[in-house]
Amino acid sequence: MALEIYKEAFAIAAAAAFRESYPDIHREVGDAEVFQRQFVYAALEKPKDPRMGRFALPVFKFAKLLKESPPAIVGRVAPVIDRHLRAMTPPSPVHCTGTGAFLNAGIDSASLLKQALGAILDSAVAYGASSIGSGKTVLVEYSSPNIAKPFGVGHLRSTVIGNSLRRIFKKLGYNVVGINYPGDWGTQFGKMIVAYRLWSTPETLRGDVVANLLELYVRFHTEAEKHPELEDQARAAFKSLESAEPEAVRLWEEFKQISHAEFDRIYGILGVEFDLVYGESFLNDKMEAVISRLEKDGLTSMSRGALVVELDDPNLPPALLKKQDGATLYLTRDLAGAFWRWAEYRFDLSLYVVGSSQADHFRQMLKVLELLEQKEQLPDMERLSSRIKHVDFGWIKFGDKSMSTRRGNIIILEDVLDRAVALVKQRIMEKNPDLAEIDKTASIIGVGAVIFTQLSARRQRDVNFVWEDVLNFDGETGPYLQYTHARLCSLERNYNKPVGSDIDFSLLDHEEEIRVVEALLEFPAIVADAAAQYEPYYVSSYLLRLAAAFNKVYQRKDEAGRIDKIISDNAELSAARMALVKAVRTVLKEGLYLLGLGAPEEM
RNA sequence: GCGCUCAUAGCUCAACUGGAUAGAGCAUCUGCCUUCGAAGCAGAGGGUUGGGGGUUCAAGUCCCUCUGAGCGCACCA
């Protein structure tokens, strides 16, 4: 990948230079520490200020070993490193200059440009791809909404983070299975059945069915406060569902069908995809095996009438497998799911994109798995606990109110999307009324704006849902990236010639242009980091940097204060600049795709 | 009460996992369209990184402590 070859050359030269400059100490310690190429390579950092160089080696740590002050070391070694770089065949494009306690490495921009732009233009959409994941399987569970409830903004984060991770891992060559695991089982269906029997009318299944069902659900909770006996009825109703009483099952199937139709429509709008969808009920007949396996291992015990696994962690409550009444629980189900997935996929990694409020639940689950593996003395090959990761994320907060389905205090995702799209459409009407596909474009941008708000900060942070922010398209937003993309497309249309391969890259000699190329070079590492940390925001913040860097080029003024245009009478210069345009557009579009955003060519 | 996660500009967030002068956007103010797309660009103001200790050449980043917030704390998912 892009930068590595330069770092490698620098590391070789630096290690050699240290050996040459400190022969006595080198003889003592041998080819270790700074005298070793790999050691130097690993210690390289990226300077905060790009003018300091492309990468740098701080020497503070070596002061003790070399028995000299950091600036003295730098003064002695920097010229030697540079000499070694010059002596390579061919001479390396890397240069070394010392500043204070840092050995800074700069790269000849001509080499940098040719290398970077050449690589991007050659590989096109494949730029940034890798094969590090080939032969490995990653499962990503995300979205997982609840049947018979509306799709609220609360489910948005899991959905878009998971969707993005699925794409990012695919880019790296992994075999990825995106899993949607909707909540289609549990006592809330008892409540729904009771509410439906008591208050539904022929109108309930007409019009906005999901909203009508929500109304029933909310009504159940308000009435149940006055009439607690409703709760008993709900339990009984769920019991009848569990024992497959036909009428209860029929209603349940009905709820499922309605919800899935609704969810699929929303996933269509969002552009979110899954490879596998199964609800909680799918695991109903798979839990008993897990329970008896744990019993056989002697890990279970009875506590307050419930079947539990005592965990040796004092900060975790025991893991409940069965309630007093013998019914299974969420945890039991997730354990069964983990084993089923393992049997099915033999995954290398299994991610659960679920809110941080469930951190303890996953800790319990992992602990149970660890105890089981320990007890059964499973070889590493058969252990799944270390392959399972809870990819947690913060809440979506709404003002000072917490959102609660029970009280009907919830923001419906589709309302948010509709408002965003409508506002975008209005904006297009003002600015570009002749646009061919206004509705389609407005949808891509409006939906993209909403998705981007969920991916622009670290997962862990709580995000405030503020209408004003969601509907703002200026600054660090999805539409900003899309606008930049559309502008790049516009340049290509105006240029109206293929970007050639015979280009004099040295014509791109402005600071702003070099910055863009440096940003382009970062893309592969950014994608890899995003996967390693399960953080799509690495990609989103990177794209903002890239777009900003390009926009500076686009509106750079010459000495006379006039915009120095990309396309000019100078054919050579225009060709070189258009190569840059094409490379940026390629990366921008691909990056947007990784986040789950569309990249319209006009807007 | 215990545990987990946090606290950075008025607001929303960055800071390469211990390195050089803590950076962006929003908001406010000032410039830039006789056309490569102004959903943009340039500039200005705005900071004791919640308080206090410590670790070391170096701390927003690691450790301790205090304050404050969010989320958990077995028969919901």
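None of the values given here were measured: they were computed from a predicted structure. A, B, ... follow the sequence lines: proteins, then strands. Residue 1 opens every chain.
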Considering just the side-chain nitrogens and oxygens of [X], establish if one lies under 4.0 Å of OP1 or OP2 belonging to [N].
{"X": "Ser357(A)", "N": "rC71(B)", "answer": "no"}
{"X": "Asn551(A)", "N": "rA38(B)", "answer": "no"}
{"X": "Lys48(A)", "N": "rA20(B)", "answer": "yes"}
{"X": "Lys46(A)", "N": "rC16(B)", "answer": "no"}

Output the single nucleotide from [options] whose closest atom is nearest the side chain of [X].
{"X": "Lys552(A)", "options": "rC13(B), rA42(B), rA74(B)", "value": "rA42(B)"}
{"X": "Asn146(A)", "options": "rU17(B), rG37(B), rA77(B)", "value": "rA77(B)"}
{"X": "Pro317(A)", "options": "rA74(B), rG3(B), rG37(B)", "value": "rA74(B)"}
{"X": "Asn472(A)", "options": "rG19(B), rC26(B), rC41(B)", "value": "rC26(B)"}
{"X": "Tyr537(A)", "options": "rC26(B), rA14(B), rA77(B)", "value": "rA14(B)"}
{"X": "Tyr480(A)", "options": "rG25(B), rG37(B), rG40(B)", "value": "rG40(B)"}
{"X": "Tyr538(A)", "options": "rG37(B), rU17(B), rA20(B)", "value": "rU17(B)"}

Report yes or no: is the ring centroid of [X] under 5.5 Å from the six-membered base ring centroid of [N], with the two planes under 30 degrees?
{"X": "Phe60(A)", "N": "rA58(B)", "answer": "no"}
{"X": "Tyr483(A)", "N": "rG40(B)", "answer": "no"}
{"X": "Tyr554(A)", "N": "rC41(B)", "answer": "no"}

Base, sugar-phosphate, or nothing for [X], non-hydrogen atoms under 4.0 angstrom?
{"X": "Val308(A)", "value": "base"}
{"X": "Thr484(A)", "value": "nothing"}
{"X": "Leu316(A)", "value": "nothing"}
{"X": "Ala101(A)", "value": "nothing"}
{"X": "Lys557(A)", "value": "sugar-phosphate"}
{"X": "Arg363(A)", "value": "sugar-phosphate"}
{"X": "Leu435(A)", "value": "nothing"}
{"X": "Gln364(A)", "value": "nothing"}
{"X": "Leu491(A)", "value": "base"}

For a quick check under 3.5 Å, do Thr453(A) and Asp469(A) share a side-chain donor-acceptor pair by atom type?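 Absent: no donor and acceptor within the cut-off.
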Scan side-chain atoms only and decide if Asp334(A) and Tyr352(A) contain a donor-acceptor pair under the 3.5 Å cut-off.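 There is no such pair (donor and acceptor under 3.5 Å, judged by atom type) between the side chains of Asp334(A) and Tyr352(A).
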Taking only N/O atoms, report every protein-nucleotides 6-10 of chain B pair under 3.5 Å with atom names and distance.
| residue | atom | partner | partner atom | Å |
| --- | --- | --- | --- | --- |
| rC6(B) | OP1 | Gln460(A) | OE1 | 3.1 |
| rC6(B) | OP1 | Gln460(A) | NE2 | 2.6 |
| rC6(B) | O5' | Gln460(A) | OE1 | 3.3 |
| rC6(B) | O5' | Gln460(A) | NE2 | 3.3 |

Counting the benzene-type ring for Trp, do Trp467(A) and Phe465(A) have ring centres under 6.0 Å apart?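 Yes - the distance between ring centres of Trp467(A) and Phe465(A) falls below the 6.0 Å cut-off.
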What about the rings of Phe60(A) and Phe102(A), do their centers lie closer together than 6.0 Å?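 Aromatic pair counts; centres sit under 6.0 Å.
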Please figure out whether Ile428(A) or Arg333(A) has its closest RNA chain B nucleotide nearer the 5' end.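 With Arg333(A) and Ile428(A) compared, the 5'-side residue is Ile428(A).
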Given that Lys64(A) and Pro479(A) both sit by RNA chain B, which one's nearest nucleotide is further toward the 5' end?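 First, find each residue's nearest nucleotide; the 5'-ward one identifies Pro479(A).
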Does RNA chain B take part in any stems of at least 3 consecutive Watson-Crick or G-U pairs (both distances under 3.5 Å), and if so, which ones?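 So the stems come out as B:1-7 with B:67-73, B:10-13 with B:23-26, B:28-32 with B:40-44, B:50-54 with B:62-66.
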Please examine the side chains of His361(A) and Leu331(A), heavy atoms only from C-beta on, and report whether any two atoms are closer than 4.5 Å.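 When only atoms from C-beta onward are counted, His361(A) and Leu331(A) do touch, with a gap below 4.5 Å.
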So, does Arg54(A) use its side chain to make a donor-acceptor pair with the main chain of Tyr6(A) at under 3.5 Å?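 The answer is no, because no donor-acceptor pair under 3.5 Å joins these two groups.
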Is it true that Glu231(A) and Arg235(A) have a side-chain N and a carboxylate O under 4.0 angstrom from each other?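 A salt bridge is absent here (no side-chain N lies under 4.0 Å from a carboxylate O).
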So does Glu288(A) pair up with Lys322(A), basic N to acidic O under 4.0 Å?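 Salt bridge between Glu288(A) and Lys322(A), a charged N being under 4.0 Å from a carboxylate O: yes.
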In terms of ring plane angle, is the pair Phe10(A) and Phe55(A) parallel, tilted or perpendicular, where the classes change at 30° and 60°?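 Plane angle over 60°, so perpendicular.
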